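Computation of the quantities below employed the complete heavy-atom set of this structure, encompassing side-chain atoms and omitting hydrogens, waters and symmetry-equivalent molecules. Predicted model only: the values in this text are computed from it and were never measured. Atoms within a ligand are numbered from 1 in the order they appear, just like the ligands themselves.
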Amino acid sequence: MERVAIFPGSFDPFTVGHESIVKRAIPLFDKIVIMIGYNSNKRSFFPVAKRELWIKEVFKNEPKISVVSHEGLTVDFCKKVNAGYILRGLRTSADFEFERAIAQVNKMMHPQIESVFLLTMPEHTPINSTIVRDIILHGGDASMFLPEALNRVDFKAEE
Ligand code: ADP
């Protein structure tokens with residue numbers, strides 16, 4: 001059976017940390033679906049459509065990767081696309097505690113789905129979307145934290 005993984009997140013915006021987790025997971029799975037989770041009642045920074053477009057640009061030459069947006073539970077989306085794995089990145093012990101609870105509850109409710117965790121590369125440990133957003137919002141240069149494929153995007157103008 002095909003090994004399909006979902007990489008869920010808000011990706012607001014998608015950073016080099018996210019990119020690295022996906023690239024390292026490519027040899028492990030037949031397909032990876034990057035799922036932009038959103039809640040229409042919550043305000044995000046970048047519009048979902050933009051986030052989707054940017055992530056597609058990053059992986060445009062990678063046939064195993066697709067990008068979709070989804071409102072609702074990740075496990076429901078897994079069932080919809082027949083995915084057996086949820087991929088997540090771990091940076092710190094705080095990430096671990098947060099992820100542990102979600103993964104264990106998911107496991108209790110949907111035993112057939114496995115959560116798979118990759119530890120972040122050391123240099124990506126401090127990078128998170130909130131800090132990158134703040135840099136962009138205040139006119140700083142966030143390019144070192146963003147995928148190279150997005151070098152030419154004017155994030156400031158996109159808010
Ligand atoms: P969420 O809002 O669901 O946490 P994020 O977009 O913040 O969504 O993150 C999606 C996934 O990517 C999570 O598993 C998160 O731990 C992981 N991640 C975020 N930043 C990094 C990073 N710098 N290095 C490795 N993994 C990361």
Side-chain angles (χ1 to χ4, degrees), residues 4-29 31-59 62 64-78 80-81 83-107 109-110 113-137 140-150 153 155 158-159:
V4 181
I6 304 298
F7 183 52
S10 16
F11 310 123
D12 193 17
F14 196 81
T15 68
V16 283
H18 298 128
E19 181 186 28
S20 159
I21 295 288
V22 174
K23 283 190 170 164
R24 287 164 58 208
I26 289 174
L28 306 178
F29 300 103
K31 267 192 210 165
I32 301 174
V33 184
I34 301 175
M35 189 205 91
I36 306 168
Y38 69 95
N39 177 341
S40 37
N41 294 316
K42 270 201 205 157
R43 232 187 94 78
S44 59
F45 189 63
F46 292 112
V48 178
K50 287 281 179 195
R51 281 180 261 161
E52 192 172 327
L53 200 79
W54 293 332
I55 304 173
K56 281 184 175 156
E57 177 64 25
V58 174
F59 295 107
E62 185 45 71
K64 280 188 178 183
I65 310 281
S66 57
V67 187
V68 297
S69 47
H70 171 75
E71 182 166 25
L73 295 176
T74 301
V75 283
D76 289 339
F77 184 75
C78 286
K80 195 170 137 189
V81 298
Y85 305 90
I86 296 176
L87 172 68
R88 298 284 285 177
L90 290 178
R91 287 161 294 187
T92 59
S93 52
D95 269 0
F96 173 77
E97 278 308 319
F98 179 73
E99 297 294 341
R100 182 185 57 76
I102 297 176
Q104 287 177 329
V105 168
N106 279 342
K107 191 71 183 160
M109 295 174 72
H110 307 276
I113 299 174
E114 289 292 354
S115 293
V116 175
F117 302 97
L118 291 185
L119 279 182
T120 185
M121 298 300 282
E123 64 272 28
H124 294 148
T125 306
I127 303 171
N128 68 55
S129 296
T130 310
I131 296 179
V132 173
R133 266 199 313 267
D134 254 14
I135 298 172
I136 294 168
L137 182 64
D141 178 7
S143 55
M144 68 193 291
F145 307 118
L146 295 162
E148 231 176 272
L150 303 180
V153 174
F155 287 93
E158 302 279 357
E159 283 160 45

- Side-chain donor or acceptor of Arg88 paired with backbone N/O of Ser115 under 3.5 Å: no
- Message: Applying side-chain contact (heavy atoms from CB on, under 4.5 Å) to Asp12 and Ile36, what does each step give before you reach the verdict?
- Response: CA-CA 9 Å; Asp12 193 17; Ile36 306 168; over 6 Å; no
- Task: Going by heavy-atom distance to atom 21 (C) of ligand 1, choose the closest among Arg91, His124, Arg51.
- Result: Arg91
- Message: Using a 6.0 Å cut-off, check whether atom NZ of Lys23 has over 12 heavy atoms from anything other than its own residue.
- Response: no
- Message: Out of Thr120, Ile127, Thr125, Leu118, who is nearest to atom 25 (C) of ligand 1 when you count heavy atoms only?
- Response: Thr120
- Kindly say whether Phe46 contributes a backbone atom to a donor-acceptor pair with the side chain of Arg133 at under 3.5 angstrom? no
- Task: Could you tell me whether ligand 1 has any atom less than 4.0 Å away from a heavy atom of Thr15?
- Result: no
- Query: Heavy-atom contact under 4.0 Å between Ile21 and ligand 1?
  - Reply: yes
- Message: Checking a contact table here: which protein heavy atom is nearest atom 4 (O) of ligand 1, and how many Å away?
- Response: Arg88 NH2, 3.4 Å
- Query: Under a heavy-atom criterion of less than 4.0 Å, does Phe7 contact ligand 1?
  - Reply: yes
- Note on the structure: of all protein heavy atoms, closest to atom 1 (P) of ligand 1 is Ser10 OG, 3.7 Å
- Message: If we ignore hydrogens and angles and just use 3.5 Å, is the side chain of Ser129 paired with the main-chain N or O of Pro13 as donor and acceptor?
- Response: yes
- Any N or O of His18 that comes nearer than 3.5 Å to an N or O of ligand 1? yes
- Quick one: do Val33 and Phe77 satisfy side-chain contact (heavy atoms from CB on, under 4.5 Å)? Show the steps, please. CA-CA 10 Å; Val33 184; Phe77 184 75; 3.9 Å; yes
- Task: For atom 15 (C) of ligand 1, grab the closest protein heavy atom and report residue, atom and distance to one decimal in Å.
- Result: Gly89 O, 3.8 Å
- So which protein heavy atom does atom 6 (O) of ligand 1 come closest to, and at what separation? Phe11 N, 3.0 Å
- Message: Yes or no: does Met121 have any heavy atom under 4.0 Å from an atom of ligand 1?
- Response: no
- Query: Going by the order shown, which atoms of ligand 1 are within less than 4.0 Å of some heavy atom of Glu99?
  - Reply: 14 (O)
- Look at ligand 1 and say whether Pro8 reaches it with a heavy atom at a distance under 4.0 Å. yes
- So which bit of Asp95 gets within less than 4.0 Å of ligand 1, heavy atoms only: side chain, backbone, both or neither? side chain
- salt bridge (charged side-chain N to carboxylate O under 4.0 Å, His left out): pairs with one or both residues in residues 113-129, sequence neighbours excluded: Lys107-Glu114
- Look at the side chain of Ser44 and the backbone N and O of Pro47, then say whether any donor-acceptor pair between them is shorter than 3.5 Å. no
- Which residues share a side chain to side chain donor-acceptor pair (under 3.5 Å) with Glu62, sequence neighbours left out: none
